[in-house]
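A, B, ... follow the sequence lines: proteins, then strands. Residue 1 opens every chain.
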Number of protein chains: 2
Amino acid sequence: MATIRDVAKLAGVSVATISRYLNKSGYVNVETEQKIKKAIEALNYEPNAVARGLAGKKTNTIALILPDISNPFFPELARAVEDVASMYGYTVILCNSDDEGVKEKSYIEVLKKKYIDGIIFASNTLDSADVEQMTKKGIPVVCLDRVPPKQSCSVVRSKNREGAKLAVEHLLSMGCRKIAHIYGPQEFITAKERLAGYEESVKHLDWYSPTFMIQGDFRIEGGIRATELLMERHPDVDAIFAGNDLMAVGALKALHRMGVQVPGQVAVCGFDGIGMTEITQPELTTVAQPIYEMGALVSRILIKKIEGTLEADQTYELDVALVPRESTLRRNGHESS
Amino acid sequence: MATIRDVAKLAGVSVATISRYLNKSGYVNVETEQKIKKAIEALNYEPNAVARGLAGKKTNTIALILPDISNPFFPELARAVEDVASMYGYTVILCNSDDEGVKEKSYIEVLKKKYIDGIIFASNTLDSADVEQMTKKGIPVVCLDRVPPKQSCSVVRSKNREGAKLAVEHLLSMGCRKIAHIYGPQEFITAKERLAGYEESVKHLDWYSPTFMIQGDFRIEGGIRATELLMERHPDVDAIFAGNDLMAVGALKALHRMGVQVPGQVAVCGFDGIGMTEITQPELTTVAQPIYEMGALVSRILIKKIEGTLEADQTYELDVALVPRESTLRRNGHESS
DNA sequence: CTGAAAGCGCTAACAT
DNA sequence: ATGTTAGCGCTTTCAG
């Protein structure tokens, strides 16, 4: 592997000039430029990224910290992040935190030592102190969903409350009259907001009762159990709005086992818009978040921040969209009532 | 951030000693060891990974090159790789190649410049020349599925041919008599082997005909189209063995649309064992690969290779297992005939 | 057992 | 416009 020195020698100039040429920093004569170009080609020179990193404290590497890449929500997000990153010449380090603060901290330590340029957090454990500390240490951070106070970093999220309302409205418009909600763990801001949106939309309805809200765990199993509990408690519900798609899938499974028709007896609506919703039977109505776009946006913001072209930290709230499918399709619906 | 110099000064020894202590290379007196420990703690010293990388050409970073993290087969694999890597103190860079040689090559270039310690390929485009070149340049490589000739690198794969046979046997034992196969793109060695296994198992049966083998694309869409074509051509098939789970899901969808009962009229069996197979209706019988283990093994091997403790390159063929579920459950089956 | 010193390959003043 | 040079923070001979 040729070094910058070799190139300098062959081109008959100093290493500084080569460096300037490489980084387009400072002037360099057109003629010498040509000489340099030739030398580089002749030697098949490729600048060494590690040396650059050490000298310039910039590694063109970002990290993506998420709870678990095998949770179906994240692969698409990761794909988007990596796509954008590689488009801008950055490389992505993948970290699974399992939402455990300890793991997160330990990743952060490692990443700092590696002169990572920035971090994307798609995690819930992170507290604002951590974020501020990172920012203070000069490591740009961008978050997904989690909003640390004092706006110490940019945030990308989607309209959870509005999404929940969309779901309820849709179910009502399909003729449902007793709509239950399986909510996710309340440590998750998303779960909280969706629950709030649900409550807001239904609390003025005559059938409303807190017993229609059941806790789930954002996973299939939890959706199953919550549904069982719910159907026992309220055999008369005619719709379930689950706080995420995984729990909605669980609801589908549970209802099927009980012999309850979907959507005939009970309509089911999820939240997130992961691919799974298209392969269930019946296909699942869901409030889709623009997952890929969220990933793309979050990494574009991080890169801007790294390169110093970000005006100011901001919170971006992306629109969600109701995707109506079979699981909520009821004949007695009156969409245009 | 304290540097090794600061520690040396505070401990009253030279940087060389600190380095030896840090890397457990060379002797260091127990007493000085204590002094060093204290100094490190006092300064909260953390060795700089980039500097280490430059000086020692070892970055404790590996890369995982796969076709697409959003393809449901890969997240679990990636999770396993990252789990093992982080357990051994390595960090993982994620690369999506889309099975395009150009992208792969360009990743390799970048990774080389970053002094990556090794690469895991879960890709099909890579030709053996590339692998050998990498190996020659001193970058350890381990492959998934793809076996480059001359055994220039270790390979982890699973028993595709045997798996296909398991599938056919299972279908036969469930009473199926006309078993079709939707095979994947023949550039994929896995698709080829599964097809071969299928053919071997059925070619001696009286109903056998090449028209029972239909090409798919390893995705849901292709599974749907292939199934439509198949059912038109052979309305009398009573089982479909798909070359992977995604196509099996497609088959399920297509059959459902046509009003064909599964497993009543047609049984369906997939291959891979991805999570999706548990949420279809009916749940999908599949030949499960030990995906997580494959990822864990492949990364353990790579790390061994990096650390020079790997005896010799080898090909590891992991067992697959038939996971019987509803989609092949036929009353007229005689499991124990 | 420990220290001095020469890099690793590049960047960024500072000087010319 | 270009060259000189001092680092970046650590590893690793080679002496002692």
Side-chain angles (χ1 to χ4, degrees), chain A residues 1-37 39-40 43-61 89 109-117 138 307, chain B residues 1-37 39-40 43-61 89 109-117 138 307:
Chain A
M1 273 265 133
T3 76
I4 198 172
R5 273 205 157 74
D6 303 325
V7 179
K9 199 169 294 173
L10 189 73
V13 297
S14 77
V15 293
T17 308
I18 309 290
S19 176
R20 275 192 288 265
Y21 166 81
L22 254 25
N23 304 296
K24 301 180 190 334
S25 61
Y27 303 86
V28 40
N29 189 324
V30 237
E31 289 175 26
T32 41
E33 198 172 310
Q34 292 312 316
K35 284 193 283 183
I36 294 176
K37 251 185 200 151
I40 287 180
L43 293 167
N44 212 287
Y45 169 74
E46 297 273 8
N48 178 314
V50 181
R52 271 188 159 167
L54 182 57
K57 306 206 175 321
K58 172 96 178 6
T59 54
N60 274 34
T61 306
E109 280 316 302
V110 175
L111 297 172
K112 272 200 290 199
K113 292 190 220 170
K114 294 206 176 191
Y115 282 167
I116 228 73
D117 294 333
E307 305 191 336
Chain B
M1 274 266 133
T3 76
I4 199 173
R5 273 205 156 74
D6 303 326
V7 179
K9 199 169 293 171
L10 189 72
V13 297
S14 77
V15 293
T17 307
I18 309 291
S19 176
R20 275 191 288 266
Y21 166 80
L22 253 26
N23 303 295
K24 300 179 192 331
S25 60
Y27 304 85
V28 39
N29 189 325
V30 236
E31 289 175 25
T32 40
E33 198 173 311
Q34 293 312 317
K35 283 194 283 184
I36 294 176
K37 250 184 202 155
I40 288 179
L43 294 168
N44 214 287
Y45 168 73
E46 297 273 7
N48 177 315
V50 181
R52 272 188 157 167
L54 181 57
K57 305 205 175 323
K58 172 98 181 1
T59 54
N60 274 38
T61 306
E109 281 315 303
V110 175
L111 298 171
K112 273 201 290 199
K113 292 190 222 172
K114 294 204 175 191
Y115 281 167
I116 227 75
D117 295 332
E307 306 190 337

* Asked: Can you list every salt bridge (Lys or Arg N to Asp or Glu O under 4.0 Å) pair that touches residues 46-55 of chain A, not counting sequence neighbours?
  -> A/Glu46-B/Lys113
* To do: For B/Ser19, report the nucleic acid contact type (base, sugar-phosphate, nothing); a contact means any heavy atom under 4.0 Å.
  => base
* To do: Using side chain to side chain donor-acceptor pair (under 3.5 Å) as the criterion, list what pairs up with A/Glu109, not counting sequence neighbours.
  => none
* **A/Lys9, NZ atom: more than 12 neighbouring heavy atoms under 6.0 Å** => no
* To do: Please list, chain by chain and in numerical order, all residues satisfying side chain to side chain donor-acceptor pair (under 3.5 Å) with B/Lys57, sequence neighbours excluded.
  => B/Tyr115
* Structure fact -> Sorted by number, residues from residues 20-37 of chain A placing a heavy atom under 4.0 Å from DNA chain C are A/Asn23
Solution key, residues 24-32 of chain B side-chain donor-acceptor pairs under 3.5 Å, sequence neighbours excluded:
residue, atom, partner, partner atom, Å
B/Asn29, OD1, B/Glu31, N, 2.8
B/Thr32, OG1, B/Asn29, N, 3.4
B/Thr32, OG1, B/Asn29, O, 2.8

* Structure fact -> The bend of the helix from C/dC1-D/dG16 to C/dT16-D/dA1, taken between the axes of its five terminal pairs at each end and rounded to 10°, is 40°
* Asked: Hey, where on DNA chain C does chain A first and last touch, going 5' to 3'? Cut-off is any atom under 4.0 Å from a heavy atom.
  -> C/dG9 to C/dA12
* To do: Specify the residues of residues 45-53 of chain A, ordered by number, for which at least one heavy atom lies under 4.0 angstrom from an atom of DNA chain D.
  => none
* Identify, between B/Gly56 and B/Ser14, the residue whose nearest nucleotide on DNA chain C lies closer to the 5' end. => B/Ser14
* Asked: Which is the 5'-most and which the 3'-most nucleotide of DNA chain D that has an atom under 4.0 Å from a heavy atom of chain B?
  -> D/dG9 to D/dT12
* Asked: Going by heavy atoms closer than 4.0 Å, what residues in residues 109-117 of chain B are next to DNA chain C?
  -> B/Tyr115
* To do: Under the side-chain contact (heavy atoms from CB on, under 4.5 Å) rule, collect the residues that match up with A/Leu10, sequence neighbours excluded.
  => A/Ala39, A/Ala42, A/Leu43
* Please list, chain by chain and in numerical order, all residues satisfying side chain to side chain donor-acceptor pair (under 3.5 Å) with B/Glu33, sequence neighbours excluded. => none
* To do: Indicate yes or no for a side-chain donor-acceptor contact from A/Lys114 to the backbone of B/Thr59 under 3.5 Å, with no hydrogens or angles considered.
  => yes
